[in-house]
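Read the structure below first, then the notes.
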Amino acid sequence: MTIAPPVVRSAPPTGSTGVRSASVSWMAVPALVAFAVFGVLPLLGVLLLSFTSWNGLSPDISFTGTDSWSTVLADPRLPHALWVTFLIMGLSWLFQTPLSLLLGVFIAAHKRYRAVLAVLFFVPLLLSQAAISITFKMLLDPNFGLGAGLGAEFLQQDWLGDGTLALGVVVFVVSWQFIPFHTLIYQGGIRQIPTSMYEAAEIDGAGRIRQFLSITLPQLKYTIITSSTLMVVGSLTFFDLIYVLTAGGPGDATRALAVDMYQRGFKANLMGPASVIAVILVLVGLTLALLLRRLGGRDATESQLEGV
Amino acid sequence: MTTVLDDRGVRVGGVPPQKPGRPRPRFLQWNWLGGLAGWLWLVVVLLPIYWIVITSFKMQSDYYDSNPLVPPTSPTLENYRFVLENDFARYFMNSVIVTVGAVGPAVLVSFMAAYAIVRGSAGSRFLRTVNGLFLMGLAIPLQAVIIPIYLIIIKIEMYDTLGAIILPSLAFAIPLSVLVLSNFVRDVPKELFESMRMDGASEWGTLWRLAFPLTRPALVTVTIYQGLTVWNGFVLPLILTQSPEQRTLPLALWSFQGQYSVNIPAVLASVVLTTLPILTLYIIGRRQLLSGLTAGFGK
């Protein structure tokens, strides 16, 4: 599974006893080299490639200035891809957050159920998105799938043939895989809330709903931000799932940014415009991560550590 | 469901349900909404899995004229035989090679880097910069840099090899591994480092004889998390390889599905077979695996 972790600021170095740096510095070099070549260099490379024209096959890469940028920015498919991306992001957040929170509260409170539930609950996290998407594609077949099995008229629709339905299916399948993960994060956050707070509320006569609204939710603020950051930034990278499930279709109903980039670059052999999309993808991701961090009002590393 | 009644009974009776003197907060007592959602979602999770398993044992002809949710009357292993005969072993080996080849070195170099960052950051701008770079790296989505990676792989003439999948997988496993491992190395008491130094141990020796045993659980966790990510990886094999001989399992699954889309039981048998190794691992080490899944989000 692909999860894009949130942006984190460097933590102040602690716990060091001040060794002579030369004696340890070399140990960081292998990791640095590997990451520089396949992480940092490509990040610069994608920006450069967005100003070139390349078909991905021939060795000729020619500088074409801002051609690709003006092509992509004038293309109505870009706002559409952005819209689809944000729609999937927003809807999957709306679906996953309340459910994960509810399930997190439940699992945190009930140790015995937790043991039973947990074994099966987390299986979707282990499956590859390719396997999950293939399964749902077949399961949603109107004639031979689940709808026919349950005899439910409602389920016997052409799920992947209709644009709106297909988008809904993508959101559902995403949630199917990731709700267990966010439940895990929430239950960790809930178990860190001091019991004394509830005891005090109990003495003051606060009811359960009141306790949830005045203690649990505020105390979970940073857990909610962490989980939301992962959902939001992660949703930018849903490629495997959408590509296998719908390949961006029907038409371009589910053609989110990552899929759009792949189609332009590796199907239409237009690496320049595809690189432009990739740069936009990075910019959108960074902006969202920064916005969410501002919302939290503190370092994401700290909230991460509170997560579980 | 008897436990439900226990929980309620306990509350009504006013006896502290858990440790004496520490009544369970009312909010954390049985809540119907959560319970309902919990069991309902479990059904939502299990139904597709149940369907995959039973269908994989059906004859292809049965699939089209039996109820999808009813188990086969005469289960067959035919589908599994078919999948195994379609080069499954090769794809499986490819996945093993890619996963081991990427995760082994990635965890090793990340561990070394984490050690160096914790031990030397105070006196080294270089190490602080490296640390900052890895933290920034957490925010780079793989998809966004796949085009330059593709170009680099072509330039170093590794296109359509397993190495082409291994190298970027290795690199992208590093930032999170360094973050998690350095949190753990930081927890090793300073006094222990100090006494190692008094004994005249080198930093390299300290890494292996002190930090390694003390951070072993974290190393296992990180290895599992990264292993799962690489094992299930789809984008890199899709873009960086071409020939069927180099397919890893997720990609093989996808092309198998494209090729035999009418033979759904066989496709589902291949889904089961590609997932089986991870499920086995899950059954053996569930605790480690679950903590591995949230590796980046706490200790």
Side-chain angles (χ1 to χ4, degrees), chain A residues 4-5 7-8 10 13 15-19 21 23-25 27-28 30-32 34-35 38-39 42-43 45-46 49 102-103 105-106 109 112 124-128 130-131 134-135 138-139 148-149 184 195 198 208 211 237 239-240 258 265 271 274-275 278 281-282 285 289 304-305 307-308, chain B residues 3 25-28 34-35 37-38 45 48 52 67-69 109-110 112-113 115-116 119-124 126-127 130-132 135 137-141 143-145 147-149 167-168 170-171 174 186 190 193 203 232 234-235 250 253-254 257 264 271 275 278 282 293-294 296-298:
Chain A
V7 193
V8 276
S10 112
S16 171
T17 44
V19 292
S21 57
S23 59
V24 289
S25 285
M27 291 190 204
L32 176 67
F35 188 68
F38 288 99
L43 195 62
V46 77
L49 282 172
L102 190 62
L103 293 173
V105 169
F106 177 69
R112 276 165 296 190
L125 284 174
L126 310 175
L127 309 179
S128 70
I134 288 170
T135 303
M138 294 169 167
L139 198 55
L184 207 61
T195 334
Y198 291 106
R208 283 163 70 166
Q211 287 184 23
T237 61
F239 171 79
D240 312 9
M271 291 296 181
S275 300
L281 200 60
V282 174
Q304 273 199 343
L305 294 179
V308 169
Chain B
T3 21
R26 253 172 75 199
F27 176 68
L28 288 181
V45 163
I52 298 172
N67 186 309
L69 290 176
V109 298
S110 301
M112 286 163 59
Y115 180 88
R119 292 286 289 156
S121 270
S124 161
F126 167 72
L127 286 173
V130 171
N131 191 32
L135 290 172
L138 288 172
I140 305 178
Q143 280 93 339
V145 291
I147 296 171
I149 287 177
L167 291 177
L170 193 167
I174 290 173
R186 206 165 276 136
K190 282 180 215 168
F193 283 116
E203 289 297 327
N232 285 336
F234 179 76
V235 181
L253 189 62
W254 179 65
Q257 177 256 163
I264 288 169
V271 169
T275 313
I278 304 169
Y282 180 63
L293 287 169
T294 47
F297 320 103

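Just so it is clear: chains get the letters A, B, ... in the order the sequence lines come, proteins before strands, and each one is counted from 1.
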Applying a strict 4.5 Å limit to non-hydrogen atoms, the region of A:Leu32 in contact with chain B is both
Looking at chain A, which one of B:Ser110, B:Pro48, B:Pro250 has the largest number of heavy-atom pairs inside 4.5 Å, strictly under?
B:Pro48
Listed partners of B:Val109 passing side chain to side chain contact (heavy atoms under 4.5 Å, CB included), at least two apart:
A:Pro30, A:Ala31, B:Ile174
For A:Val24 against B:Gly120, the heavy-atom pair lying closest together
CG2-CA, 3.8 Å
What part of B:Leu253 lies closer than 4.5 angstrom to a heavy atom of chain A: side chain, backbone, both or neither?
both
Going by heavy atoms in the side chains, are B:Val235 and A:Asp240 under 4.5 Å from each other?
yes
A:Leu139 versus chain B, heavy atoms under 4.5 Å apart: side chain, backbone, both or neither?
both
Heavy-atom cut-off 4.5 Å, strictly under: side chain, backbone, both or neither for B:Leu167 against chain A?
both
Heavy-atom closest pair (B:Phe234 atom, A:Ala130 atom, distance to 0.1 Å) is CD1-CB, 4.0 Å
Can you name the closest pair of heavy atoms from B:Met112 and A:Met27 and give their distance?
CB-O, 3.4 Å
Write down the atom of A:Ser25, the atom of B:Ser124, and the distance for their closest heavy-atom approach.
OG-OG, 3.8 Å
For B:Val271, is it the side chain, the backbone, both or neither that has a heavy atom under 4.5 Å from a heavy atom of chain A?
side chain
Minimum heavy-atom distance B:Ala144-A:Val46, with the two atoms named:
O-CG2, 3.5 Å
What distance separates B:Ile278 CD1 from A:Leu126 CG, expressed to the nearest 0.5 Å?
6.5 Å
With respect to chain B, which residue among A:Leu49, A:Ile134, A:Leu43 yields the maximal number of heavy-atom pairs within a distance under 4.5 Å?
A:Ile134
Between B:Ala171 and A:Phe38, which heavy-atom pair has the shortest distance, and what is it?
CB-CB, 3.5 Å
Of A:Leu281, A:Val282, A:Thr135, the largest count of non-hydrogen pairs under 4.5 angstrom with chain B goes to A:Thr135
